[in-house]
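The block underneath contains the structure these notes are about, expressed in C-alpha cells.
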Amino acid sequence: MSTDSLLARVLDQVEAYRAGLAERPVGARATTEALRTALGGPLPREGTSAADVLDRLAAGADGGLVATDGPRYFGFVIGGSTDAALGADLLATGWDQNAFNPVTSPASAVVEEVAAGWLKELLGLPAHASVGFVPGGQGANTAALTVARNAVLAGCGHDVNRLGLRGAPPVRVLAGEERHTTIDRAVRLVGLGTDAIEAVAAGPNGVIDVDDLARRVATNGDGATIVCLQAGNVNTGGIDDLASACAAVRAATRPERTWIHVDGAFGLWAAASPRHRHLVAGAAEADSWTVDGHKWLNVPQDCGYVICARPPDHAAALSFTAAYLQGQGTTDVANPADFTMESSRRSRGFATWAAIAELGAGGIADLVDRCCRAASRFAAGLGALAGAEVVNDVMLNQVLVRVGDPAFTDALVAELQREGTCWMGATTWRGERLLRVSVSNWTTTDDDVDRSVAAVARCIDAVGRPGS
Ligand SMILES: *Cc1c(COP(=O)(O)O)cnc(C)c1O
C-alpha cells in the first residue's frame with residue numbers, strides 16, 4: 001500500500017472518530033483485560049505491514065478510548081481540539097520537526113515566537129516576558145520553580161548552576177493550602193523538599209487568605225521566598241486575589257530574594273474574556289506563570305507554557321548551550337531550548353498558533369464565556385435535583401455538587417460513567433465526597449448540559465437513594 005493511501009486511511013479514522021464524538025458513549029467500554037488481549041502478545045519477531053499494524057491498533061484501542069475531547073466530558077479539566085489545532089498538530093507530526101532550536105527548525109522557532117506574542121496579549125501578561133512551550137502544567141510549574149529557586153538564591157549570592165544546593169540558604173515556599181498537587185511535585189523535583197512549603201490558609205472556594213499570606217511574609221526577614229499563587233482551583237475554579245497578594249508580598253520582601261509564581265493552568269484564560277478578566281486582575285504583577293494550552297485553549301494534549309517576566313533569569317536557569325550548535329543557521333530568533341527543560345521535542349507551537357489564528361481573540365473570549373455559562377447552567381440544573389446542593393461559588397467553569405454520602409456519591413459516579421451520556425468524576429473537597437463538573441470543551445452546548453443533567457437525574461434513580 002502506498003504511503004498516500006495509508007495516511008489517508010488514518011485521517012479517515014480520525015475524522016470518523018471526531019464525527020462520532022458527540023454520540024459515542026463518553027467512557028471507555030473495554031476492560032483492561034480485553035485491551036491487553038487485543039493489543040498484547042509476545043514481542044513480534046517479524047515485521048508486519050504498516051497498514052495491518054495500524055488497523056490492529058485502531059480496532060484494539062477503540063473500546064479503551066475515552067471521549068475526553070467530546071462535548072459531554074466533564075471530568076478533570078481537559079479541553080478538546082479545535083479543527084485547526086488538530087490539523088496543525090497532525091502537520092507537526094507529519095513534518096516531524098524538532099523544535100529544539102532555530103537551526104533544527106526555523107519554522108518552529110518563528111511560529112513559537114509569534115504564538116508567544118499572541119498568548120501574552122490574550123492573557124494580559126507583559127510583552128517582554130519569555131515563553132517556553134512545555135508538555136503541560138506540571139512541566140510549566142517545574143520549569144518556573146527551577147527559575148524561581150535559582151533567582152532567589154542568586155539574590156542571596158548563591159549560584160545554583162555552579163554549586164547546586166550545597167551550602168545554599170533555606171528557601172521558603174509559600175503556597176495556598178488548596179494549591180495544585182503539581183506544585184508539590186515541582187518543589188520535590190527542584191530539590192527544595194516539601195518541608196519547605198508553608199501552607200497559606202484558604203477560604204471556602206480554595207482561594208488564599210491574603211491576610212495570612214501578608215502575616216507570613218512579614219516574618220520573612222531577609223530570607224529567600226517563593227510565593228505560589230493560583231488562578232483556577234481544580235475543584236472550585238477559585239482564583240486568588242492576585243492584585244492584593246502581589247502587593248502584600250512586594251511590600252514586605254526584598255525584590256531580589258522573592259519570586260511570585262502564578263499557577264494559572266486553566267484559570268488565567270479568564271483574562272482572554274472581557275467579561276471575566278476582572279477575576280485575574282493583578283496577574284501581571286507576578287514573576288512567572290503556568291498556563292496550559294491543552295485545557296481551555298483546546299489544543300491537543302501535550303501543550304503548556306511557562307511564561308516569565310524576567311527573561312534573563314529564565315534563560316540563566318534553563319539555557320541550553322552547546323558549542324556544536326553555535327554559529328550555525330538562523331540566529332536572529334530566540335532559542336526555544338533556552339526556555340524549556342527539554343532539548344529535542346515536537347513542534348507543539350504549531351497547534352497553539354493555529355488555535356489562536358482560527359478562533360481569534362473574540363472566539364477565545366467567547367469560548368471562555370460559553371464554558372462559564374455552561375457551568376452556571378449545570379449549577380442551576382444539578383442544584384435543582386432533589387437532595388443535591390451546589391457547594392462552590394461558581395465563578396468560572398467548575399461546579400461541585402453534594403449529592404449524598406460518600407458511598408452514594410461514588411456509586412452515582414460509577415453509574416454515570418457506565419451509562420455513558422456524559423462523564424463526571426468525584427472529588428474529595430475539604431473532607432467531603434462530591435460530584436465534580438468541569439466545562440472546558442469548545443463544542444459543549446446548552447443541550448449537552450441539559451442532557452447531562454437529565455442523565456444525572458436518571459442515574460440517581462438507578463442507584464437508589466439510601467433509605468428510599
Ligand atoms: C491541570 C493543572 C495543572 C497540571 O497541568 P498538566 O497540564 O496536567 O500537567 C497544574 N495546575 C493547575 C491549577 C491545573 O489545573
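Just so it is clear, the values below take in all heavy atoms, side chains as well, and ignore hydrogens, waters and symmetry mates. For ligands, and for the atoms within them, numbers begin at 1 and follow the listed sequence. In this text the structure is predicted, and so the values were computed from the model without any measurement.
- Interface atoms of ligand 1 facing Phe266, defined by a heavy-atom separation under 4.0 Å, are 15 (O).
- When only modelled atom types and interatomic distance are considered, Asn141 and Asp263 share a side-chain donor-acceptor pair under 3.5 Å.
- Here Asp366 contributes atom CG and Arg373 contributes atom CZ; the two are 6.5 Å apart, rounded to the nearest 0.5 Å.
- At least one heavy atom of Gly232 lies less than 4.0 angstrom from ligand 1.
- A distance below 6.0 Å separates the ring centres of Phe350 and Trp95.
- Between Trp118 and Trp353, the ring-plane angle classifies as parallel under the 30° and 60° cut-offs.
- Centroid-to-centroid, the aromatic rings of Phe133 and Phe339 stay 6.0 Å apart or farther.
- When Ala231, Gly137, Cys228 are ranked by how near their heavy atoms come to atom 6 (P) of ligand 1, first place goes to Gly137.
- Of the listed options Glu178, Arg185, His294, His294 places a heavy atom closest to atom 7 (O) of ligand 1.
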Residue pair Asp450, Arg377: steps toward the salt bridge (Lys or Arg N to Asp or Glu O under 4.0 Å) verdict: CA-CA 8 Å; Asp450 296 347; Arg377 194 175 179 93; 2.8 Å; yes

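- Asp338 and His314 are not linked by any side-chain donor-acceptor pair at a separation below 3.5 angstrom, with hydrogens and angles left out of the test.
- Counting atoms of ligand 1 from 1 in the listed order, those under 4.0 Å from a heavy atom of Gly136 are 7 (O), 9 (O).
- Here the heavy atom of the protein found nearest to atom 10 (C) of ligand 1 is Thr182 OG1, 3.2 Å.
- Within the 4.0 Å heavy-atom shell around ligand 1 one does not find Val77.
- Side-chain contact of Trp259 with Ser288: a donor-acceptor pair under 3.5 Å is present, judged by distance alone.
- Given atom 11 (N) of ligand 1, the protein heavy atom at minimum distance is Asp263 OD2, 2.7 Å.
- Of the heavy atoms in His180, only side-chain atoms (C-beta onward) come closer than 4.0 Å to ligand 1.
- Distances below 4.0 Å separate heavy atoms of Gln138 from the following atoms of ligand 1: 4 (C), 5 (O), 6 (P), 9 (O).
- Of all protein heavy atoms, the one closest to atom 1 (C) of ligand 1 is Lys295 NZ, 1.3 Å.
- For ligand 1, the atoms closer than 4.0 angstrom to any heavy atom of Val234 are 14 (C), 15 (O).
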